[in-house]
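Let me begin by presenting the structure, written as structure tokens, before commenting on it.
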There are 2 protein chains.
Amino acid sequence: MSTSSSQDYSHGYYTEYSRSSHLSPCAACKVRDKFVCSVLEGDELEQLNSIMTEVTYRAGDPIFSEGENAEYIFNVTSGTLKLYKLLPDGRSQITGFISVGDFLGLADSQFYSSSAEAITDVQICRFRRVDLEKLLSDYPKMGNKLLKIARSELAVIQDQLLLLGRKTADERLASFLSTMSRRNEIIGESPDMVQLIMNQNEIGEYLGMTPETVSRTMRRFRDKGIIAKIKHTRNISIIDQAALKSLECSY
Amino acid sequence: MSTSSSQDYSHGYYTEYSRSSHLSPCAACKVRDKFVCSVLEGDELEQLNSIMTEVTYRAGDPIFSEGENAEYIFNVTSGTLKLYKLLPDGRSQITGFISVGDFLGLADSQFYSSSAEAITDVQICRFRRVDLEKLLSDYPKMGNKLLKIARSELAVIQDQLLLLGRKTADERLASFLSTMSRRNEIIGESPDMVQLIMNQNEIGEYLGMTPETVSRTMRRFRDKGIIAKIKHTRNISIIDQAALKSLECSY
DNA sequence: CGTCTGTTTGATAGCGCTCAAAGGGGGTGG
DNA sequence: CCACCCCCTTTGAGCGCTATCAAACAGACG
């Protein structure tokens, strides 16, 4: 979790929105349909807008740390970040990758229960928790939306419990690649070409294995003709989806 | 535990509760302060009451299975049950133990994402999902309560990810016992005497290890003088809380 | 061209799993 | 009250998967 950059970006770049624009940032938001905001309209959006700050982080920047006062809640508008937990001796478990449209800080009440760090450059909408909670009591449908989000997160994370508790290295990586592929499909991109924004160390920290094991497992998959690496990128071509599915050992 | 009426299993393995009491079940509920219902009053409670059915299960009874249509949502009023996921070859991961005051079915939207089975005899309040959701739109504060519950569940389950992904067998069991001890403390019982309602196979399925390893680890803890077994019960006396905490390797 | 970070590969060790069997404890029926 | 059974727990022996340690390799970048 290094940020050896010369500058301190730990509080992100502020991009206070120019009020001169006749279209409010929220109304103009390109990914609004995936957000909490999606249930709001008109002046409700204005309300939301007034408590929102758009912030930018650089790849590698810490966003918050476990145990800190959970002052803010975030919604990611571009880029990807990781949520992780640390043990005192440095072992790290990534609890999730958060990207466009995802909500950040939902699990936390008074204190952040994980640390967050930008993997790529990241743009987020930031809300002060107290402001959002006030808004929540005014617009119940927003609370319902949040509840839905929390629900689906719970379902996802339970699958991860099964993966970490019971699956072998092969099954874990197969599940991971399969999930990435499915996600691509959902957003309308090719399921046969997966772009890994995280490095293999991070994949390992997510799947509960070492980077070496990730590498060896990848190689085994390549040798079996299930996947292929695209040169000079972290992209991976999935050649045999069926083999991946059967290795995945679930669903 | 509660209820004046004697339990009658003659209608099959669960019993619809009679509403003979002149005090509405919800208003009379002894553990209401821990529930969704805690935010409701007076006629709101009546509303809730009208869509609630109290159901009893015997130890070992299945409550629902993964993939089934998620028609109901539950609140446990007595006993303990387990939530678990299965792999095709039979490997099982318990995703949580649900006991008095806990909510069941929150993670699920259309279909149950886990299976649930009673460990002890269990008494639950059952709501039809659609009914509850209608009530939710009428009483937003109930939604907020649910959101809070979901949040804290997310925080708990993230700790479990760290445990399953990164901790050793010793650390897992130490964490588990420590959590059980802490839970006791919270409900006002002695933190030095933990009652394990689940068997060691289930502990293993929860902690991502085999029952043999659970047994061996327990023995190691006993040999080190950290815990002691109480004869003829599944109770465990925690002798050295500090040692447990340091083994736990977190917090 | 050298440095840095991330990946790959090899050699080795050890934790926890698997398989197997013995040892309780509680319940049931004789 | 004892005998028996069943389920759970314990213990042992051996192995395999994955971690660990170490070093070479490969791209990216200045």
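Quick note on labels: first sequence line is chain A, next is B, and so on, each numbered from 1.
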If we ignore angles and hydrogens, is there a donor and acceptor under 3.5 Å between the side chains of [X] and [Y]?
X	Y	result
A:Glu66	A:Ser114	no
A:Glu205	A:Gln93	no
B:Gln158	A:Ser113	yes
B:Ser175	B:Lys167	yes

Report yes if a side-chain nitrogen or oxygen of [X] is closer than 4.0 Å to either non-bridging phosphate oxygen (OP1 or OP2) of [N]; otherwise report no.
X	N	value
B:Lys229	D:dT10	yes
B:Gln200	D:dC7	no
A:Arg219	C:dT9	yes

Classify the nucleic acid contact of [X] as base, sugar-phosphate or nothing, counting any heavy atom under 4.0 Å across all strands shown.
X	result
B:Arg234	sugar-phosphate
B:Arg222	sugar-phosphate
A:Met218	nothing
A:Gly208	sugar-phosphate

Atom pair distance, as rounded to whole Å: [atom1] in [X] and [atom2] in [N]:
X	N	atom1	atom2	value
B:Ile230	C:dG25	CD1	C1'	16 Å
B:His232	C:dG27	NE2	P	12 Å
A:Leu196	C:dG6	CG	P	15 Å
B:Glu205	C:dC17	CD	C1'	15 Å
A:Phe221	C:dT8	CZ	P	14 Å
B:Asn199	D:dC7	CG	P	12 Å
A:Arg220	C:dT9	CZ	P	12 Å
A:Leu207	D:dC17	CG	P	18 Å

From C-beta outward on [X], which listed nucleotide comes closest to its side chain: [options]?
X	options	result
B:Ala169	C:dG16, D:dT18, D:dC8	C:dG16
A:Ser215	C:dG26, C:dT9, D:dT9	C:dT9
B:Thr210	C:dT18, C:dG26, D:dT10	C:dT18

(request) Decide yes or no, distance alone: a donor-acceptor N/O pair under 3.5 angstrom between the base of D:dC21 and the side-chain of A:Glu212. (result) yes
(message) Using only modelled atom types and a 3.5 angstrom limit, is any donor from either the side chain of A:Arg216 or the base of C:dG10 paired with an acceptor on the other?
(response) yes
(request) Would you please indicate if the ring centroids of B:Tyr84 and B:Tyr206 are separated by under 6.0 Å? (result) no
(message) Between A:Arg172 and A:Glu248 (salt bridge meaning N to carboxylate O under 4.0 Å), is one present in this structure?
(response) no
(message) On DNA chain D, compare the nucleotides closest to B:Arg166 and A:Thr233; which residue's is nearer the 5' end?
(response) B:Arg166
